[in-house]
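The next block holds one structure in the form of structure tokens; read it before the comments.
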Amino acid sequence: MWLGLGRARITILKVDNFMVELSRTSPLCRYWQRGKPATLSLGPVVISERPFLVKRLLRGSSTDWQHVLQVQLGLGLPERNAVSTRSGLQCLWLRPDEWLVIAAPGSSRTLLEGLALPAGVSAPTCAVIDVSDQFQCVQIRGAGAAELLNFGCSLDFSDHAFPADRCCRTRIEEIPVIITRTEDTRGFDVLPERALADYLWRWLSAAAGNFVHQAIQAVSEHPLEPALEETI
Amino acid sequence: VRRVHDAPGIDASRPVRFSFNGHSYSGFKGDTLASALLANGVDVVSRSLKFHRPRGLLAAGEEEAHAIVALQGDAVRAQNVMATEVDLFDGLSAVTQNAWPSARFDIGAILGGVRSLMPPGFYYKTFMWPNWRWYEPVMRRIAGLGKLAFAVPQDKYAKRYAHCETLIIGAGPAGLAAALSLRGRGERIVILDAGPELGGSLRWERDVIDGSPARDWLGRAQDALERDVHVRLLRNTTALGCYDGNMVSALERFSYGSQLRSCLWRIRAGRIVLATGAHERPMVFPDNDRPGIMLAASVRQYLNQYGVIAGRRVIVYTNNDLAYRTALDLGAHRGVNTVVVDVRADADGYWIQQVRDAGIDVLRGHAIVATAGRHRVRNVTVAAIDRNGSPELCDSRCIKCDLLAMSGGWSPEVHLWSQSGGSLKYCEQRVCIVPDQPLPAMQCIGAANGSFVLARCLAEGAQLGNGAPAKGEVAAEYATQPFWYTPRVAADRQWVDFLHDVTLQEIEIAVREGFTSVEHLKRYTTVGMSIDQGKTSNVNALAILGTMTSQPIGQVGTTRFRPPYAPVAIGALAGNRVDALATRYRRLPVAWHETNGGVLEDHSGWLRPAFYRRPGESEEEAIRREVQTARNAVVLFDSSSLGKIEVRGRDAATLLTRCYVNNVKSLQVGRVRYGLMLNDQGVIVDDGVFARLAADEYIVITSSSGALDTAYRLEEYLQCEWNNLQVNLTVVTNQWATLALSGPQARAVLQGCSLDLAWASSDLPHLHVGCGTIEGIPLRLFRVSFTGETCFELNVPADSADALWRHLMEVGSDRGIAPLGMEALDILRIEKGFLEVGVDTDTDTTPLDVGWANHIAKKSDDFLGRRSLALLAPRHPDRHQLVGFTAEDPELTIPAGTHLLADDGVQGHITSSCQSPTLGRCVGMALVRSGRTRLGSRIEADIEGRRHVVRLGPCAHYDLEGRQLHG
């Protein structure tokens, strides 16, 4: 039974002298094992979930946000279709007036402070919107990572066409996703909307199953890393 | 002995057993089904589609038009497979598709005797009266191409995309030379070839490159390319079509031992090199379809690659030089007797000289005017021809034979070129259709470009990378002369399209009847319309058409080259989108449902619980129980699929005021309003609620099904019409889960939770919203209701929804809390008279029709659809208006969609209906002509021809004062 698994305890409150424990549940909780986030190693790929990341959408003009990000988070505002990164913090360009900031689980409060508009500044359209639960993050690593994406996505994920700081909004099969390189640039982070995370996971598992057939080989610019360890 | 055991294509030490039409045979590893059948002396492999003529093998490759078979067995099932493309494996079992009782003795062959009754277009002419449907089952049986079998369940299909700088299609001499000259620049090269090995004709032609056998060069080329990390070689892969932006789709077939059947590639290339080669054309002469009549190059391939000597007494019939190689290669084997019949009176040159030197007879200026042999060609009759190609029939003679190798010249494979928009021209000298004007990102080289000589193929390939070409020896020019059909002899027995049984006579009839366009000819006679898409017949057919209509062939044109180039299994197109992956469903954030009796169903793309089944309960009982629990105690409902759009910015209120019928500007912070959204025509397209969370911050909650459309509509108006508004829209449907706690006991349940928010009925009455926390979780608490009961809609971040749901179920357990499904919710809202857009409204329903005239009158600002509503038609008293109805008979159930009748015909129809557990009878809503003036009157409902009386009334049937709502 997966019930009761797939959760990370976040808060304990005292109510009327008895303890109530409420926890967060990943949309991929069905695939958690022994309290560990979903992960799947198949042939030349390792697919793993990155649950409970903190995500904020920034809306507004680039001039307003450029300053805030630089001064308060030391993060540059990325160019079109690009990502800016600074120690565990990523900012993704999504459209001319929309960026997605991704931070480690539990960093909600610091991020909120970091993204506050300076006192006295009131831009007419600037907004910070919590989308931590809007998107789920699935990481794909290993020699077959780009090929796995190419079972369902038409973009070119080679080093040349999809360099380290690239991000894009595209579709894997029928699933709208955001794709970036992982921070170490050797894998890919795929972000579907939460409700489609389960379908994406099952689709990726089925597609990765192609690698067990001899007929399908992964040709990669990156050899398989010896150990892929995920820490949440 | 029909085998030469040292052939390079087979491993004679590894025999393979297989069966064909129930008989057991054996072949060797490396054989195709076709080569093994030929080696076992199987003459008749199939029957033709229309006249059920016995047919043997014609070719050795993808152009095969006869040996189309079905594979049977536990592991492999496939229809319409070309025997030439099936690699032999142990236990293979193949059958002829279109014959009964057997391929050799087929009852359907009787049709051959009444051929004259089946002229072209006879389907259209003969089976019109009284109705085609009468004949269809019989015709399908006779003319069918196999019976559809469901695939083996464990069969898998893959699909993938790839990118490269250069895509080379065809790995024959030209393609390989191109790959060798282009590699080494760090650019990605993909080479695909339909054959199981690289090399194309180099695998079987006895060619010489750089002074040694071509196989040596092939081996070196293959090694070099296999070692190159930038080169991807795809064998058994057929390019199916070429699309915009140099996108090529290709099907990679895997051996039948693999669970993976095929991979559908979509390859985007910087440039494409077409080295697709050419196909040999058959000659058109009387009874040219008998078993034992094969294409000359294929005979050569069977001999040189598989070691199969297809006949002992061989006639090579040709109009060009290359077929002489067949005579030469066969002649090298002891006991094979060969005669060459050439229609050219003046044939001469390198190959002719070689053949003569080998002591082989050559009959120049002769044509074949008849053949004989029922299940295998036995003899042919040849006659000298005059300058116009007409045979001198009085001077004919008969030659015994058991194999006729024919060659009517070569046709470049220009499908992909044409699909990319490349123009074509007819080349008089080489008698074929070749690419004309150059294309910017596509090059055509080798035989596909009309270069049928090895040296030229290698040179054209090497030229692409400015490399020095390998030297292909025997640089004899290719010489040929058109000879499209045999005049003045049995036109009705000269086959042009073998698969569809189209003869010369049928083309004559079509031309006589005025079908002189190549596209008309194709459709009228069905020439080139079969599985092989006319690979062997198209050029002959259009040349014959040109001759008969006295047009130059270049002017006749070609039919469109449509993808796919080769048959593709449906499964290959579906990929892994089958079974559980077939439909992409969205899932709710609460995982509790599925392990607690929730029966999940598709509701506008979301899997949502229709109802929750308890042990021993029927569906109806469960739904009834849920409704009663909602009315008497408390229920919890997951409506997380509701669309949610954050609207922020200085002009947020302006945008919403323009897009909704309601007045938005007057909405106070912390208040919620129900609204309708219209299109330009004033028709209702969505409903929902919007809440003002702060001065410049709204959240719009749309219906589940309208979530995306509404977001797109708002975004479109914002970006395209009113881009001066300072607003931004963000869809947060997935961020917020919505758990609706509803019922008389809802407040009591919530009191058992820890809320950091003032939510007493005085602080947060109906249609208010408050922000705070519940059990430490961020909370937006909406006081809205779709059930008609007191309702708290708890919006919490989706990751916390499952835990909160479980918590509420636990806290509410002593209040009798139960989960509520979609079915029960539908009953609750119908009882309450809440309309559902798209169910109770249609593509013509305006807010005036649902009783919103007052809202509109009160609003001073402009909004979408306002002007349309001000026109006369929407205000006409005869319009269909939404009203409620109640069945007189408490036992009666009236389905939605039922028509309502009066003396002057249909007055409207029922839009929503339910058997109400609360009211004990069937109630619902209906769109009725002048409905609001008929409240209180009776009208008849027609249920399958029987009339039942219903009474019209207001939409709401329950708690008309709204006391429950405000509790």
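So you know, we letter chains A, B, ... as the sequences are listed, proteins then strands, and number each from 1. Below, each value reflects all heavy atoms present in this structure, side chains not excepted, and no hydrogens, waters or symmetry copies.
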Using a cut-off of under 4.5 Å on heavy-atom pairs, state which of B/E697, B/R650, B/R268, B/E810 scores highest against chain A.
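Most heavy-atom pairs within the cutoff with chain A belong to B/R650.
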
Check each atom of A/L155 against the heavy atoms of chain B and say whether the ones under 4.5 Å are side chain, backbone, both or neither.
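Contact with chain B: backbone only.
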
Sort out for me which of A/G152, A/A146, A/C153 touches chain B most, counting heavy-atom pairs under 4.5 Å.
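Of A/G152, A/A146, A/C153, A/C153 has the most heavy-atom pairs under 4.5 Å with chain B.
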
With chain B as the partner, which of A/S154, A/A206, A/A127, A/A207 has the greatest number of non-hydrogen pairs under 4.5 Å?
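Most heavy-atom pairs within the cutoff with chain B belong to A/S154.
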
Checking B/A580 against chain A: side chain, backbone, both or neither under 4.5 Å from a heavy atom?
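Interface part for B/A580: both.
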
Where does B/V727 contact chain A at under 4.5 Å (heavy atoms): side chain, backbone, both or neither?
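The backbone, not the side chain.
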
Within residues 196-207 of chain A or reaching into it, pairs that qualify as salt bridge (Lys or Arg N to Asp or Glu O under 4.0 Å) - sequence neighbours excluded:
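Residue pairs passing salt bridge (Lys or Arg N to Asp or Glu O under 4.0 Å), neighbours aside: A/R30-A/D198, A/D198-A/R202, A/D198-B/R587.
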
For residues 170-179 of chain A, which side-chain donor-acceptor pairs fall under 3.5 Å, sequence neighbours excluded?
| unit_1 | atom_1 | unit_2 | atom_2 | d |
| --- | --- | --- | --- | --- |
| A/E173 | OE1 | B/R577 | NH1 | 2.8 |
| A/E174 | OE1 | B/R577 | NH1 | 3.4 |
| A/E174 | OE1 | B/R577 | NH2 | 2.6 |

Measuring from B/W736:CH2 to A/D133:CG, what's the distance to the nearest 0.5 Å?
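Output value for this atom pair is 8.5 Å.
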
To the nearest 0.5 Å, tell me how far B/D602 CG sits from B/T583 OG1.
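Those atoms lie 7.5 Å apart.
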
Is it the case that B/N576 and A/W203 place a side-chain donor and acceptor less than 3.5 Å from each other?
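Side chains of B/N576 and A/W203: pair found under 3.5 Å.
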
Looking only at the side chains, is there a donor atom on one of B/D651 and B/Q726 sitting less than 3.5 Å from an acceptor on the other?
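Side chains of B/D651 and B/Q726: no pair found under 3.5 Å.
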
For A/D156, check salt bridge (Lys or Arg N to Asp or Glu O under 4.0 Å) against everything at least two apart and list the hits.
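A/D156: salt bridge (Lys or Arg N to Asp or Glu O under 4.0 Å) contacts with B/R188.
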
Between B/Y161 and A/F157, is there a side-chain heavy-atom distance shorter than 4.5 Å?
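Counting from C-beta outward, A/F157 and B/Y161 never come under 4.5 Å.
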
Only heavy atoms, only distances under 4.5 angstrom. Which residues in residues 639-648 of chain B are near chain A?
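At a heavy-atom separation under 4.5 Å, chain A is reached by B/E646, B/R648.
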
